[in-house]
Asker: 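Could you have a look at this structure, given as structure tokens, before my questions?
Note that ligands are numbered from 1 as they come in the structure, with each ligand's atoms numbered from 1 the same way. The figures that follow rest on heavy atoms only: side chains count, while hydrogens, waters and symmetry mates do not.
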Amino acid sequence: MAVRLTTWFVSQGISISGSNSRRSHSNPRFSFASSSPASSSSSSSSSCKLRHRNLSCTCLQKRQRARKKSSQEQSSADFLPSGEEDSESETASVGMIPLLNSESVSDDDVNTINSNDSISNALTTSDQAVPSDLVGMIRNAEKNILLLNQARVSALQDLDKILSEKEELQGEMNALEMRLAETDARIRVAAQEKVRMELLGDHLNQMRNEQNFNGDGAETSNGVEIFESESELFNEEAPLPYKSSINSLVANLSSLRLENVSLRNDIQELREQLSNMKNTDERVVMLEKQRSTLDSALKDLESKLVVSQEDVSKLSNLKVECKGLWEKVENLQVLLDKSTKQADQAIIVLQQNQEIRKKVDKLEESLEKANVYKESSEKMQQYNELMQQKIKLMEDRLQRSDEEIHSYVQLYQESVEEFQDTLNTLKEESKRRVMDEPVDDMPWEFWSRLLLIIDGWLLEKKISIDDAKALREMVWKRDRRIHDSYMACKEKNVNEAVTTFLRLISSQTSSGLHVVHIAAEMAPVAKVGGLGDVVAGLSKALQKKGHLVEIILPKYDCMDYDRVRDLRALDVAVESYFDGRLFKNKIWVGTVEGLPVYFIEPLHPDKLFWRGQFYGERDDFKRFSFFSRAALELLLQAGKKPDIIHCHDWQTAFVAPLYWDLYAPKGLNSARICFTCHNFEYQGTAPASDLASCGLDVGQLNRPDRMQDNSAHDRINPVKGGRGLHSTLNFHSKKFVGILNGIDADAWNPATDAYLKVQYTANDLGGKAENKEAIRKSLGLSYADVRRPLVGCITRLVPQKGVHLIRHAIYRTLELGGQFVLLGSSPVHHIQKEFEAIANHFQSHDHIRLILKYDETLSHSIYAASDMFIIPSIFEPCGLTQMIAMRYGSIPIARKTGGLNDSVFDVDDDTVPLQFRNGYSFLSPDEQGLNGALERAFNHYLSKPESWRQLVQKDMNIDFSWDTSASQYEELYSKSVARARATIRP
Ligand code: ADP
């Protein structure tokens, strides 16, 4: 705003000078003050031209003094406006008046003029300088008037000189005219003389002719000589009267001749004078022209003088006007100052207003928003309330329907149970009826032979009296079962036949087994690796077969509690012995995937299972030996009579000696102990003395035939077998069987897997492709090329798994144009670090991703997404990942070892029947071995997509369920139980 006011002030200045500019033609000195662009271009240029003419005039007078004649032409030219002058004047701009001064006045004036120049410049630029510049203008004007007066005086002087020169010239002209008149007169006399001479000549000729006519008279052709010879002749021969006249004539003639010569000279001279006169005339004409030019210049100057005199008078008026104006300007200045101040204040107020306006706008905006928000929040609140009411209603309804469902379920279960019972009774009845129906088609001889056999066994003390009695009864009734058993084992040895017969009697009382698993892992709540899968999968499979299965686990703090249903603590505390005293154990119960699970929470000050991880603690031996004893204590105190106590890996291997040495004597003697070592790599050896903590007799057990480690005799080995334990295993080979694991077909089912983005089956592989794209996107891998093979690997990163080959596989896959996803973590520090470095290296790589953690959800996605699955284990007791991979249509590339060798059969191996070939395998545990299998797999995938698809479908349809494996376990349990029962009987 302040700026605008200043601008306005300048425009006021323009209006002041604008009034002068109207007079610019008569008084051009003021026109320079105009800062109006429109007027300045025209008026300043015209004023400059006029000033230049003034200057030129002054210069002319000086030059005239220097060279009077030649300057006249130039001075006349100076009065004519020319383009050159125009351009000069325009470049000279407002500095023309000072230049005029500088030419005509002293050096001192030049300084003043320069300062004036700056004043004039200032005038055009600064509104503040206007009043002082007016004074400067007036001073300039006065000076210019003075200069004009001086110019006028010098012009008058010049005029006087020109007039006197003119008079001189006039005199010269008069003299020349007189001489001209003289010459004219002489010419006229000469002309008269000439005429007279011609007459005399004529007269002479006449006389000659007369003479010739009188005498011989000789004709002459040449004038004067003839006359001279004739005169001589006359003088000598003429008569005397003629002689004297001739002489006088000759004398006259010669005088005439002389006169004639002089006249000719005179004429010549006159001619010269005449030509001179002509020149003089021209000069006179020129001078007259100059005179007239000078006269007009003089007149011009006089008129200018008049004008300047008028200007002077106007200037005095102007001065008065200027004074008035000055006062007005001062008043205006005061007013302006005031108004500027007011304007400034107004601006400030305006700015404040604007700010306030903005604030108001913002406030209004936020008010609007707040209103909207308020409205929406009110609506939301209402909506929330409504929703809450609805939720409550829904909850009530849900609860009611839950209760209803529950009661329905109960009813249903009861009716199912009833139905099952009826069905069982019917089955049993029909069985019994069938069984009860005597076998008619056998001769009595057969039955008698059977009776004799039984009696023989009794006498040989192979069976008890009661067993013999029961068996005899069956024979007596011609029971079909004893008939069938005999037919089945008549080729077998006596012991086997006895076992089979005894089973007949025991199966009459119980239809299923009571199996208790005591384990450190169970999927999915507490899983580190395959052990968890086995415990859960086998238990489910046995349960399905009609056995009563229970599981006892430590209550870890890091368990997946979301997967435990109905978890609750029992109202009893089970006390168990450890380190010479009793510790209370809190017992929790809940179901995991339909299986009943007991969780033991030792109330031990060391918080044994409150460590944030399952294994890897320094006191693992102590933690799990404590747990093993507490688990048996639980069974004892709960009064359970399991048929089988199944313990797994070294962590619960203590159960066996504890059972036999401590708990069987206490009455927990119904069970047979089954121990599965899932991996002989882990034997959990510890100083022998450590075994005493759980109450075992170290002296008794630290023996080569019991638990002493085969390589370190001062150490206890809970797992007596496997690596370095061949002799032990060989010794106990009859007790030792190998059973391949299965997988939990419900938990690992791509058709129902809730962890997957899209479920799929072997007949609809589109879902597999979608899972592949989804994981590529979520892991930030390139997903441009659908056909780029994706290699997966999910493993614990331990030396057993062939970590160096896994690492090599990552780089080789990249070279072959594939993508690699690794999910795994390592309990071994340097391996974890090494893979962390690789993971960092490929952090944002398009084709490689390493996820170094345990992640159940992600593991499912990787199985589903990958085309190939790498398992380059150095040794593998069984391995589950190859089976899971195949179930999800990921072709395994596995090393030929242990369980991998039993489940993966190379597609190119001709020794294996075609229908069993399901993957790629390699023998030598090195890079070349792996490369060969990997390259063959890539080649197959890329060059024969249809054949690859068929392979995928085939693998997905292979039955890796626990059914077969569970049956093997079932048989093992049954045999063991039967044997036990057989030996228990007296
Ligand atoms: P091991 O028992 O020797 O670890 P297995 O092949 O028998 O090997 O079983 C491994 C099991 O653990 C599989 O179910 C596999 O999916 C799972 N697993 C291994 N590492 C991870 C991991 N980092 N995240 C999720 N699951 C894993």
Asker: Just jot down the ligand 1 atoms closer than 4.0 angstrom to any heavy atom of I884, in number order.
Answerer: 14 (O)
Asker: Is it the case that ligand 1 has an N or O less than 3.5 angstrom from some N or O of E856?
Answerer: no
Asker: Do E550 and H517 get their side chains close enough for a donor-acceptor pair, meaning under 3.5 Å?
Answerer: no
Asker: Out of all atoms in ligand 1, which are within 4.0 Å of some heavy atom of D855? Include the element for each.
Answerer: 24 (N), 25 (C)
Asker: Where's the contact between D533 and ligand 1, heavy-atom distance under 4.0 Å: side chain, backbone, both or neither?
Answerer: side chain
Asker: With heavy atoms of S859 as the reference, note each atom of ligand 1 found under 4.0 Å away.
Answerer: 25 (C), 26 (N)
Asker: So which heavy atom in the protein is nearest atom 6 (O) of ligand 1, and how far is it from that ligand atom?
Answerer: L880 N, 2.9 Å
Asker: Can you find an N or O of Y863 that's nearer than 3.5 Å to an N or O of ligand 1?
Answerer: yes
Asker: Assess the side chains of H940 and Y920: does a donor N or O sit below 3.5 Å from an acceptor N or O?
Answerer: yes
Asker: Using the six-membered ring of Y941, assess whether NZ or CZ of R787 lies under 6.0 Å from its centre and within 45 degrees of the ring axis.
Answerer: yes
Asker: Quick one: does G530 get an N or O within less than 3.5 Å of an N or O on ligand 1?
Answerer: yes
Asker: For atom 1 (P) of ligand 1, what's the nearest protein heavy-atom neighbour? Residue, atom name and distance, please.
Answerer: K801 NZ, 3.4 Å
Asker: Stepwise, does the ring pair (Phe, Tyr, Trp, His ring centres under 6.0 Å) test hold for Y854 with F614?
Answerer: CA-CA 12 Å; Y854 182 90; F614 299 107; 8.1 Å; no
Asker: Between S903 and Q882, does any side-chain donor sit less than 3.5 Å from a side-chain acceptor?
Answerer: yes
Asker: Do me a favour and list the nearest non-hydrogen protein atom to atom 23 (N) of ligand 1 with residue, atom name and distance?
Answerer: K853 O, 2.9 Å
Asker: Just checking, is any N or O donor in the side chain of H648 or E521 under 3.5 Å from an acceptor N or O on the other one?
Answerer: no
Asker: Quick one: which ligand 1 atoms are inside 4.0 Å of a heavy atom on G879?
Answerer: 6 (O), 7 (O)
Asker: Side chains of D926 and H804: is there a donor and an acceptor less than 3.5 Å apart?
Answerer: no
Asker: Among all protein non-hydrogen atoms, which one is nearest to atom 18 (N) of ligand 1, and what is the separation to 0.1 Å?
Answerer: I794 CG2, 3.7 Å
Asker: Could you identify the single nearest non-hydrogen protein atom to atom 4 (O) of ligand 1 and state the distance to 0.1 Å?
Answerer: R796 NE, 2.6 Å
Asker: Compare Y682, W748, Y854 and give the one whose heavy atom is closest to atom 25 (C) of ligand 1.
Answerer: Y854
Asker: Strictly by side-chain hydrogen bond (donor to acceptor under 3.5 Å, both in side chains), give each pair with a member in residues 836-845 just once, sequence neighbours left out.
Answerer: Q832-E836, K833-E836
Asker: Is any side-chain heavy atom of D906 less than 4.5 Å from a side-chain heavy atom of V912?
Answerer: no
Asker: In terms of side-chain heavy atoms, does H646 have a donor or acceptor partner in Y969 at a distance below 3.5 Å?
Answerer: no
Asker: List every atom of ligand 1 that sits less than 4.0 Å from any heavy atom of G824, numbering the atoms from 1 in the order shown and giving each element.
Answerer: 23 (N)
Asker: Any nitrogen or oxygen of K527, main chain or side chain, under 3.5 Å from a nitrogen or oxygen of ligand 1?
Answerer: yes
